[in-house]
Structure formats: structure tokens, C-alpha cells
Amino acid sequence: MTLSFQALFFGNLPTCGTDQHYIWQFNFHDFNVNEDVFSNDSIELLCQSGIDFVKKNEKGIDAKRFDELLMSSGILLNDIVHWVTFHSRYDLGYLLKLLTCQNLPDTQAGFFNLINLYFLTIYDIKNLMKFCNSLHGELNKLTELLEVERVGISHQAGSDSLLTSFTFRKLKENIFSGSFEKYAGVLYGLGVENGQTTH
């Protein structure tokens, strides 16, 4: 998770009272490769990127405790907080399931009702790319095209979230002009805007 203090989307990373800048990566201990269903390709990719699932199970944080702290943090249900993602429907689904302690809704409209409740202003860069003829691909390809430099290891949540933040800022500064709010609330690949079917 990358927190950026922004004025009109052009922000700085928190320093927490030091001369360093910070991002956060949360590793939960709840997932177990010996018990849970998963994609072999995804687990292999994460292992190649440095994720140690044994260590994560031993030293990772409790997802329920994270949920409690996130709910009381003030960054959810907050209209001055803008969430920036890249093709995040699964990530948001997991987070919503965690926040609500319930299964996800059966409909896209129900899913978007929860998105709009917890994440009042959300932008999906993958959706923004639809409005840029020359931009395509996944996050790494997009950052190459925009000449955004990665800090850290690919497929590590902290590095990916920082890269997403930098990429969003670059898009906002160099490609999009005028009102940006019309692009909020749309997640790439769901075919629903603000809970309303687009067909």
C-alpha cells in the first residue's frame, strides 16, 4: 500500500518524521500453500519475486487484525482519499470480503455498491488506458512506455503499489487534461460503471 499526500493528485510519500520516504507491504499469514486453492503459475511467480510463504505463515500479520486497524484508520469511507489501482478487481474483492466478513455479492451492481461505500473515489489505471490510443499492456509494459522507473522488485506489493502511484501521476500530468473525476468508479473488465450496467 502506498500512501501519497496529494494536492490535485500530485503528492509526496510520507516520511513519518524521518528523512526517508515510506510505502507499506502487508503480508498475511492466513494463506497456506499446503491447504488453500491457488494457481500454480501465480505461486511460482511470487516465489521467483522473493515471497517466502513459509516465513509469511510464521511471521505474517493476521488479516482480521489488519481489517480492524484499516477500518479505524480513517482512509476508508473517506471522500478526500483517492484510491489508485491497476486492474484490481480481484484485489478489491479480497479486501471487501475481509472488510465485510461476508461473501462477495452475487451481482456486479452489489459489488459496486460495496466499492462505492468503502472506496469513495477510485481510479483503475487499466481502465484509463482505454482512453490513450498509444498505451497498452500490463503495468510493467505501461511503465516502460511512460518511462516510469520502478523502485524495488516486480510483483512485490509495495513496489507494485509505488509504481502504480508514479504511473497514475505521470498519466495525470502528461496525458489527461481537464476534469478527471469522470474516470472514477470504473474497474477494468467488469462492464459496470458505478453499479450501472454499461450495455
Side-chain angles (χ1 to χ4, degrees), residues 1-6 14 16 22-43 45-47 49-127 139 155-162 164-165 168 183-198:
M1 179 180 293
T2 299
L3 298 177
S4 176
F5 299 106
Q6 302 190 13
C16 301
Y22 290 90
I23 59 171
W24 288 267
Q25 175 167 310
F26 302 100
N27 294 299
F28 301 123
H29 69 68
D30 307 78
F31 176 77
N32 188 322
V33 292
N34 297 318
E35 298 173 9
D36 296 313
V37 177
F38 60 85
S39 160
N40 285 328
D41 292 342
S42 295
I43 295 299
L45 178 67
L46 292 171
C47 288
S49 300
I51 297 292
D52 182 339
F53 285 97
V54 173
K55 185 176 179 181
K56 205 171 70 57
N57 289 133
E58 293 171 357
K59 298 188 176 192
I61 61 175
D62 180 70
K64 290 179 183 172
R65 180 68 178 136
F66 175 82
D67 173 37
E68 294 168 2
L69 294 171
L70 187 62
M71 285 296 291
S72 63
S73 70
I75 64 173
L76 296 170
L77 310 162
N78 187 332
D79 61 356
I80 64 168
V81 174
H82 294 185
W83 294 81
V84 177
T85 69
F86 187 93
H87 203 185
S88 61
R89 61 187 184 206
Y90 292 111
D91 299 322
L92 291 170
Y94 177 81
L95 195 51
L96 285 171
K97 189 173 179 185
L98 186 65
L99 292 170
T100 62
C101 300
Q102 297 177 19
N103 289 332
L104 293 174
D106 293 332
T107 65
Q108 288 185 42
F111 180 74
F112 269 92
N113 286 338
L114 289 176
I115 291 288
N116 292 332
L117 174 65
Y118 287 96
F119 314 103
L120 301 178
T121 305
I122 189 165
Y123 296 96
D124 186 341
I125 292 175
K126 185 77 170 174
N127 178 66
L139 183 60
H155 305 297
Q156 290 274 347
S159 177
D160 285 356
S161 71
L162 183 61
T164 300
S165 178
F168 179 77
Y183 301 107
V186 182
L187 299 180
Y188 180 82
L190 286 184
V192 172
E193 299 181 15
N194 295 321
Q196 301 299 314
T197 303
T198 58

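All values reported here derive from a predicted model rather than from experimental measurement.
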(request) May I ask you to say whether Arg65 pairs ionically with Glu68, meaning some side-chain N is under 4.0 Å from a carboxylate O? (result) yes
(message) Using modelled atom types and a 3.5 Å cut-off, is there a donor and acceptor pairing between side-chain atoms of Thr85 and backbone atoms of Tyr123?
(response) yes
(request) Please name the pair of heavy atoms, one in Ser159 and one in Gln25, separated by the smallest distance, quoted to 0.1 Å. (result) N-OE1, 4.4 Å
(message) I'd like to know if the side chain of Asp36 reaches the main chain of Asn32, judged simply by a donor and an acceptor atom lying under 3.5 Å from each other, with no hydrogens or angles considered.
(response) yes
(request) Verify side-chain contact (heavy atoms from CB on, under 4.5 Å) between Tyr118 and Thr100, making sure each step is shown before the conclusion. (result) CA-CA 10 Å; Tyr118 287 96; Thr100 62; 3.7 Å; yes
(request) Kindly check if the number of other-residue, nucleotide or ligand heavy atoms within 6.0 Å of NZ (Lys56) is above 12? (result) yes
(message) Within this structure, what is the CG-CG distance for the pair Asp41 and Leu46, rounded to the nearest 0.5 Å?
(response) 11.0 Å
(message) Less than 4.5 Å apart, side chain to side chain, heavy atoms only: is that true for Leu76 and Phe119?
(response) yes
(request) Identify the two heavy atoms, one from Arg89 and one from Tyr188, that lie closest to each other, and give their separation to 0.1 Å. (result) NH1-O, 3.7 Å
(request) Indicate the atoms forming the closest heavy-atom contact of Leu120 with Leu117, along with that distance. (result) CD2-O, 3.4 Å
(message) I need the minimum non-hydrogen distance between Val81 and Gly74, along with the two atoms involved.
(response) CG2-O, 4.4 Å
(request) Mind running side-chain contact (heavy atoms from CB on, under 4.5 Å) on Phe111 and Leu190 for me, showing each step along the way? (result) CA-CA 10 Å; Phe111 180 74; Leu190 286 184; 3.8 Å; yes
(request) Would you please classify the geometry between the Phe31 ring and the Phe38 ring as parallel, tilted or perpendicular, with 30° and 60° separating the classes? (result) perpendicular
(message) Please report the interatomic distance NZ(Lys97) to CG(Asp67), rounded to the nearest 0.5 Å.
(response) 13.0 Å
(request) Output the distance between atom NE2 (His82) and atom OG1 (Thr121), rounded to the nearest 0.5 Å. (result) 4.0 Å
(message) To check you understand the geometry: which heavy-atom pair defines the closest contact between Tyr183 and Asn127, and what is its length?
(response) O-ND2, 4.2 Å
(request) Give, for atom CD of Glu58 and atom CG of Asp52, the distance between the pair rounded to the nearest 0.5 Å. (result) 8.0 Å
(request) Please tell me if the side chains of Asn113 and Pro105 come closer than 4.5 Å, counting only heavy atoms from C-beta onward. (result) no
(request) Would you check if the side chain of Ser88 reaches a backbone N or O of Asp91 as a donor-acceptor pair within less than 3.5 Å? (result) no
(message) Let me confirm one number: the CG-NZ distance from Leu187 to Lys126, rounded to the nearest 0.5 Å.
(response) 13.5 Å
(request) Give me the ring orientation class for Phe28 and Tyr94: parallel if the planes are under 30° apart, tilted from 30 to 60°, perpendicular past 60°. (result) tilted
(request) Could you please spell out the steps behind the side-chain contact (heavy atoms from CB on, under 4.5 Å) verdict for Leu96 and Ile115? (result) CA-CA 8 Å; Leu96 285 171; Ile115 291 288; 3.6 Å; yes
(request) Taking the side chain as every heavy atom from C-beta outward, state whether Leu70 and Leu95 have any atom pair closer than 4.5 Å. (result) yes
(request) Heavy atoms only: give me the nearest Leu99-Met71 pair and the separation to one decimal. (result) CD2-SD, 3.7 Å
(message) Within this structure, what is the CG-CG distance for the pair Asn40 and Leu45, rounded to the nearest 0.5 Å?
(response) 12.5 Å
(message) Under the criterion side-chain contact (heavy atoms from CB on, under 4.5 Å), I'd like the reasoning laid out for Ser165 against Ile23: C-alpha separation, chi angles, the key distance, then a yes or no.
(response) CA-CA 11 Å; Ser165 178; Ile23 59 171; over 6 Å; no
(message) For His87, is there any backbone N or O sitting under 3.5 Å from a side-chain donor or acceptor partner on Asp124?
(response) yes
